[in-house]
Amino acid sequence: MSAPSRSCAVLTIDLDAVATNYAHLSSAAGGAEVCAVVKADAYGLGMARVAPVLARAGCKRFFVALIDEGIALRTLLADAEIHVLNGLLPGTEADFDEHRLIPVLNSREQVHDWARHCERLGQRLPADLHIDSGMNRLGMGAAETQALINDQDDLGRMHVEFMVSHLACAEERESAMNSEQLDRFNTARARLPAAAACFANSSGIFLGPAYCFDAVRPGCAIYGVNPTPDTPNQMSQVVHLQGKIVQTHDVDSPMSVGYGATHRIEKKRKIATVAVGYADGYLRSLSNRGTAYVGDVRAPILGRVSMDLITIDVSDAPERLIRPGHFVDLIGPHNPVDVVAENAGTIGYEILTGLGARYHRDYVGGDA
Ligand SMILES: *Cc1c(COP(=O)(O)O)cnc(C)c1O
């Protein structure tokens, strides 16, 4: 038997849906250029497969978190512009040069280091300036921004490609934080030398044209996570996760299921054991809360998620669909990534980036 047919879980990644989502975000962003965030291996979906599809869909600028992610992306896309969000850490200038990466300068010190580097090479190299408008995570806060406004010599030595900032509450449409951050960003921009601006993440795009500026920086929406949680998802689903049934049991009361005996059987049930567990990123917090589907039939998780296995209630499913070797949907049309995340008490981002290395990955669509 071939390894794919042997595998106990299949993760199908729809590359056409990635391209469709990119196009949808382009229209939602008005005229703003859509850059793509492909950090963390394209949110767990495989940067090597996803990034070329985005490039063919028209994306020219990419954001990663780590220098090493940028280096990996450079080997895939010779001509793309690659921006590194975690910035210019001490001593990394040569890596940015060698792989033609663009640092997001997150502090006055990084601005200074990049300026010295430009000076040494006698070139105005590109960099982004990160203004912290309210995250207090990365970027230059009010005092550092003021210092930059007061002394602009360093900025004159480089080419500021984007003025960048990041929203803290973009998926909460009504949050006052959004307009507060927008105001702080606009105030800083007005006092610094003119540069293009890149502000909105996925959800930020849907806050309106004032948030889109010259370029936007979506990640999660490209991968199918709902950027507008208060309304139905406009994005196409990219991932489909199926787990294989390895055994079924008829269980009658009084019995329990799984570790800790956390689920008591109240009446006769048919239970299927599926070969996916928390070691695959199927979070333990889905114990007694997640839902699988056998075709269109709901099959709730009973008991705890174990390392390699889950147990689901397939009492309502047709017998022919629950024999060992058959697959059930763990992430699919009836239980999309946002629903799984909600059941697990987390966000779609964590579900995607946690997707396991043991799945057989099947990439469909996205042909060159
Ligand atoms: C991860 C990240 C993004 C992408 O955010 P999404 O919510 O996934 O669209 C954009 N900008 C920065 C600074 C990020 O860290």
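Atoms within each ligand, like the ligands themselves, are counted from 1 in listed order. The shown structure was predicted, so the numbers you read here are calculated from the model rather than taken from an experiment. Just so it is clear, the values below take in all heavy atoms, side chains as well, and ignore hydrogens, waters and symmetry mates.
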Using a 4.0 Å heavy-atom cut-off, say whether [X] meets ligand 1 through its side chain, its backbone, both or neither.
X	answer
R137	side chain
F63	neither
L138	neither

Worksheet item: Where is the nearest protein heavy atom to atom 5 (O) of ligand 1: which residue, which atom, and how far?
Response: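 I find the closest protein heavy atom is N201 CB, 3.5 Å.
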
Discussion item. For atom 9 (O) of ligand 1, what's the nearest protein heavy-atom neighbour? Residue, atom name and distance, please.
Written reply: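 Result: S202 OG, 2.5 Å.
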
Side-chain ion pair, [X] and [Y], N-O less than 4.0 Å:
X	Y	answer
R298	D313	no
D252	K268	no
R108	E144	no

Fill in: Numbered atoms of ligand 1 (with element) below 4.0 Å of Y349, judged on heavy atoms
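Those of ligand 1 that fall under 4.0 Å from Y349 are 6 (P), 7 (O), 8 (O).
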
Worksheet item: What class does the angle between the rings of F185 and F199 fall in, given that below 30° is parallel, 30 to 60° is tilted and above 60° is perpendicular?
Response: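 Taking F199 first and then F185, their aromatic rings lie parallel (interplane angle under 30°).
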
Close N or O approach ([X], ligand 1; < 3.5 Å):
X	result
P218	no
C220	yes
Y43	yes

Discussion item. As a check for students: among K39, H166, R217, identify the option with a heavy atom nearest to atom 15 (O) of ligand 1.
Written reply: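 That would be K39.
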
Worksheet item: What do the steps show when you test K39 against E69 for salt bridge (Lys or Arg N to Asp or Glu O under 4.0 Å), and what is the final call?
Response: CA-CA 7 Å; K39 61 192 179 189; E69 293 173 341; over 6 Å; no

Discussion item. Run the salt bridge (Lys or Arg N to Asp or Glu O under 4.0 Å) test on R61 and E33 for me, step by step, so that the C-alpha distance in whole Å, both residues' side-chain angles and the decisive distance to 0.1 Å come before the verdict.
Written reply: CA-CA 9 Å; R61 296 182 160 109; E33 178 180 344; 2.4 Å; yes

Fill in: Residues F162, H83; criterion ring-ring contact (aromatic ring centres under 6.0 Å, His included); working and verdict
CA-CA 10 Å; F162 284 133; H83 300 244; 5.7 Å; yes

